[in-house]
**Student:** 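Sharing a structure with you now.
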Amino acid sequence: MSQTVKSLDFTWEGYKGCREKPSVKLVTAIMESQKGDMLEVVGEDEVFPFDMLVDTLRDEGFEVEVLERDDLVGYYKVRAVKS
């Protein structure tokens, strides 16, 4: 079984360049994920709140690892693997 890695950009820069809302991109990525697949998410709280992202991923059966988190500027980088 091969592992798929999907990167999601939930920053203002990424949001401006995309026609889909971050929530739609996240739901699509979750629905397409198979066991062992990885999501890498870089984001800003103003575009997609960190807590909502982590809670959603955990609820959908992902093991979440926070790679970076800056509460002051609202930046985060998360890796999640579908279990």
Side-chain angles (χ1 to χ4, degrees):
M1 175 174 21
S2 65
Q3 180 187 50
T4 301
V5 179
K6 174 90 173 165
S7 296
L8 300 174
D9 184 350
F10 294 159
T11 63
W12 279 116
E13 188 77 18
Y15 186 63
K16 288 179 198 167
C18 182
R19 292 190 175 101
E20 292 181 19
K21 291 182 179 179
S23 56
V24 173
K25 288 169 57 174
L26 179 61
V27 168
T28 301
I30 288 172
M31 292 179 67
E32 292 174 349
S33 294
Q34 304 292 320
K35 185 175 182 172
D37 286 353
M38 181 186 299
L39 296 179
E40 292 181 341
V41 185
V42 174
E44 297 169 3
D45 286 321
E46 288 184 6
V47 177
F48 198 94
F50 172 78
D51 292 334
M52 184 185 300
L53 173 72
V54 171
D55 290 346
T56 301
L57 290 170
R58 288 187 174 140
D59 287 349
E60 294 298 326
F62 284 81
E63 293 178 28
V64 178
E65 178 184 2
V66 179
L67 303 175
E68 290 181 49
R69 178 71 175 130
D70 187 331
D71 288 321
L72 194 58
V73 290
Y75 174 85
Y76 57 84
K77 187 172 186 179
V78 172
R79 180 181 299 143
V81 177
K82 179 77 172 182
S83 51

**Student:** Mind checking salt bridge (charged side-chain N to carboxylate O under 4.0 Å, His left out) for Glu65 and listing every partner two or more places apart, or none if nothing turns up?
**Tutor:** Arg79
**Student:** What residues form a salt bridge (charged side-chain N to carboxylate O under 4.0 Å, His left out) with Asp45, not counting sequence neighbours?
**Tutor:** Arg69
**Student:** Can you tell me how far CE of Met52 sits from CG of Asp59, rounded to the nearest 0.5 angstrom?
**Tutor:** 12.0 Å
**Student:** Which heavy atom of Leu39 sits nearest a heavy atom of Ser33, and at what distance?
**Tutor:** CD2-OG, 4.1 Å
**Student:** Which residue pairs satisfy the ring pair (Phe, Tyr, Trp, His ring centres under 6.0 Å) criterion with at least one member in residues 49-83, sequence neighbours excluded?
**Tutor:** Phe50-Tyr76
**Student:** So, for Leu26 and Leu57, which heavy atoms are closest and what is the spacing to 0.1 Å?
**Tutor:** CD1-CD2, 4.1 Å
**Student:** Just checking Lys82: does its NZ atom have more than 12 heavy atoms from other residues, nucleotides or ligands closer to it than 6.0 angstrom?
**Tutor:** yes
**Student:** Should Val64 and Phe10 be counted in the same cluster of Ile, Leu, Val, Met, Phe, Trp and Tyr side chains packed under 4.5 Å apart?
**Tutor:** yes
**Student:** Are the side chains of Thr4 and Gln34 in touch, meaning some heavy atoms are under 4.5 Å apart?
**Tutor:** no
**Student:** Quick one: salt bridge (charged side-chain N to carboxylate O under 4.0 Å, His left out) partners of Asp51, sequence neighbours excluded?
**Tutor:** none
**Student:** So, for Asp37 and Glu32, which heavy atoms are closest and what is the spacing to 0.1 Å?
**Tutor:** OD2-O, 4.1 Å
**Student:** Where is the tightest heavy-atom contact between Phe48 and Pro22, given as atom of each residue plus distance?
**Tutor:** CD1-CB, 3.8 Å
**Student:** Which atom names give the shortest non-hydrogen contact between Lys77 and Val42, and what distance separates them?
**Tutor:** CG-CG2, 4.0 Å
**Student:** Please tell me whether Val41 and Val27 are part of a single hydrophobic cluster in this structure, the criterion being side-chain heavy atoms less than 4.5 Å apart.
**Tutor:** no
**Student:** Between Thr11 (side chain) and Glu44 (backbone), is there a donor-acceptor pair under 3.5 Å?
**Tutor:** no
**Student:** Can Met38 be reached from Ile30 by stepping across I, L, V, M, F, W or Y side chains whose heavy atoms are under 4.5 Å apart?
**Tutor:** no
**Student:** Distance check, rounded to the nearest 0.5 Å: Thr28 atom OG1 versus Lys6 atom NZ?
**Tutor:** 8.0 Å
**Student:** Sequence neighbours left out, what passes salt bridge (charged side-chain N to carboxylate O under 4.0 Å, His left out) with Glu46? Give chain and number order.
**Tutor:** none
**Student:** Are Val47 and Leu67 grouped together when hydrophobic residues (ILVMFWY) are joined by side-chain heavy atoms under 4.5 angstrom apart?
**Tutor:** no
**Student:** For Leu8 and Ala29, work out which heavy atoms get closest and say how close.
**Tutor:** CD1-CB, 4.1 Å
**Student:** Which residues pass the side-chain hydrogen bond (donor to acceptor under 3.5 Å, both in side chains) test with Arg58, not counting sequence neighbours?
**Tutor:** none
